[in-house]
Number of protein chains: 2
Amino acid sequence: MDSHTVFAPRGAKTEVEEGLDFAPKFDANGLIAALAMDAVTREPLMLAYMNEESLRRTLELGEAVYWSRSRQEYWHKGATSGHTQRIVEIRTDCDQDALILLVEQAGAGACHTGRSSCFYRKVVAGDGASATKLEWIGSGKSFDPADVYGKP
Amino acid sequence: MDSHTVFAPRGAKTEVEEGLDFAPKFDANGLIAALAMDAVTREPLMLAYMNEESLRRTLELGEAVYWSRSRQEYWHKGATSGHTQRIVEIRTDCDQDALILLVEQAGAGACHTGRSSCFYRKVVAGDGASATKLEWIGSGKSFDPADVYGKP
């Protein structure tokens with residue numbers, strides 16, 4: 001892919017916080033955190049990372065393209081599963097080192113485990129003597145990952 | 001602070017994804033990303049990071065305590081401004097390396113710039129010839145940072 005999207009250089013703090021130049025800050029590994037939310041329900045779906053080129057591709061394609069830290073490769077979400085994320089809006093924060101993607105999630109869900117969201121458990125604090133645990137939230141699995149990804 | 005909250009050791013992939021032990025994964029810098037959202041409106045407020053001890057303090061205090069990467073210190077949100085974040089629910093994702101904080105935001109807002117949310121701008125893609133820009137969203141400043149933080 002031949003991408004041309006241009007970002008601004010990082011300016012002074014005031015420019016970054018109060019200006020309208022988009023100057024995303026990538027960390028020491030060249031990454032920026034991106035939280036995808038359902039644009040309609042506001043359900044948080046997944047948190048992943050983008051490098052500069054995957055952010056460019058996301059903007060040009062209009063679908064979320066992350067950088068897979070585990071596989072060290074571009075990760076066009078849904079390329080395998082069909083569960084693409086159409087970009088409705090991208091927001092950035094005061095210091096421009098984080099992104100919110102408001103998306104229209106295609107297919108049965110965002111999570112490779114077969115659920116609509118990756119955030120399917122909540123934390124339940126322990127009582128000091130016992131360990132902190134998790135509890136299920138959401139409606140369980142909405143698809144069979146084996147069917148979608150072709151492996152168990 | 002004397003904190004006692006205990007987390008589980010990281011198990012195999014299946015345990016981490018399909019189990020109910022809370023075994024948060026901290027990155028090479030000892031940090032986990034935490035996105036705070038308004039529990040009622042589902043407005044994304046800010047994205048910050050926690051280390052293991054700040055996550056413990058958050059669970060025990062019932063208010064968000066981050067780790068400030070810039071200041072390299074614990075950051076009890078609202079300790080200076082009064083704009084604390086009462087924890088309503090904490091969610092974690094499939095591989096337990098990200099957190100969503102559903103919070104009740106006290107005071108006029110979450111952002112040190114004086115706005116209710118740090119995500120007060122959206123990205124507007126350029127046309128190939130021009131740079132990608134930002135546009136304001138939200139209702140502008142809800143408090144004067146100089147009043148709250150005592151400096152301009």
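Throughout, a chain's letter reflects where its sequence line sits, starting with A, and its residues are numbered from 1.
Of all the listed residues (B:Pro24, B:Ala28, B:Gly19, B:Ala8), the one sharing the greatest number of non-hydrogen pairs under 4.5 Å with chain A is B:Gly19. Per-residue counts of heavy-atom pairs under 4.5 Å with chain A were compared for B:Glu18, B:Glu43, B:Gln96; the largest is that of B:Glu18. The residue among A:Thr132, A:Asp95, A:Leu99, A:Thr41 with the most heavy atom pairs within less than 4.5 Å of chain B is A:Thr132. Most heavy-atom pairs under 4.5 Å with chain B, from the set A:Asp21, A:Val124, A:Val123: that is A:Val123.
Neither A:Phe7 nor A:Tyr49 shares a network with the other; the hydrophobic side chains, linked directly or stepwise wherever heavy atoms of I, L, V, M, F, W or Y lie under 4.5 Å apart, form separate groups for each. Linking Ile, Leu, Val, Met, Phe, Trp and Tyr residues whenever their side-chain heavy atoms come within less than 4.5 Å places B:Val103 and B:Leu55 in a single cluster. Linking Ile, Leu, Val, Met, Phe, Trp and Tyr whenever their side-chain heavy atoms come within less than 4.5 Å leaves A:Val65 and A:Leu101 in two separate clusters. A:Ile32 and A:Leu61 fall into different hydrophobic clusters, where Ile, Leu, Val, Met, Phe, Trp and Tyr side chains are chained together by heavy-atom contacts under 4.5 Å. Using a 4.5 Å cut-off between side-chain heavy atoms of Ile, Leu, Val, Met, Phe, Trp and Tyr, with links allowed through other members, A:Leu31 and A:Leu35 fall into the same hydrophobic cluster.
Atom CG of residue B:Leu134 and atom CG of residue A:Leu20 lie 6.0 Å apart, to the nearest 0.5 angstrom. Summarising the geometry, atom CD belonging to A:Glu135 is positioned 13.0 Å from atom CZ belonging to B:Phe22; distances are rounded to the nearest 0.5 Å. Distance check, rounded to the nearest 0.5 Å: CG of B:Asp97 to CG of A:Leu47 gives 7.5 Å.
Looking at A:Leu102, neither its backbone nor its side chain comes within 4.5 Å of chain B, counting heavy atoms on both sides. When heavy atoms are compared at a cutoff of 4.5 Å, B:Ile100 approaches chain A by way of both its backbone and its side chain. Residue A:Met46: no heavy atom, backbone or side chain, is found under 4.5 Å from chain B.
Salt-bridge check for A:Glu17 with B:Arg121: failed, with every basic side-chain N at 4.0 Å or more from each acidic carboxylate O. Salt bridge absent: B:Arg69 and A:Asp27 never bring a charged side-chain N and a carboxylate O closer than 4.0 Å.
Between A:Tyr120 and B:Cys94, the closest side-chain pair of non-hydrogen atoms falls below 4.5 Å.
By a heavy-atom distance cut of under 4.5 Å, B:Cys111, B:His112, B:Thr113, B:Arg115, B:Cys118 are the residues of residues 107-118 of chain B near chain A, going up by number. Residues of residues 81-93 of chain A that come within less than 4.5 angstrom of chain B, heavy atom to heavy atom, are A:Glu89, A:Ile90, A:Arg91, A:Thr92, A:Asp93 in numerical order.
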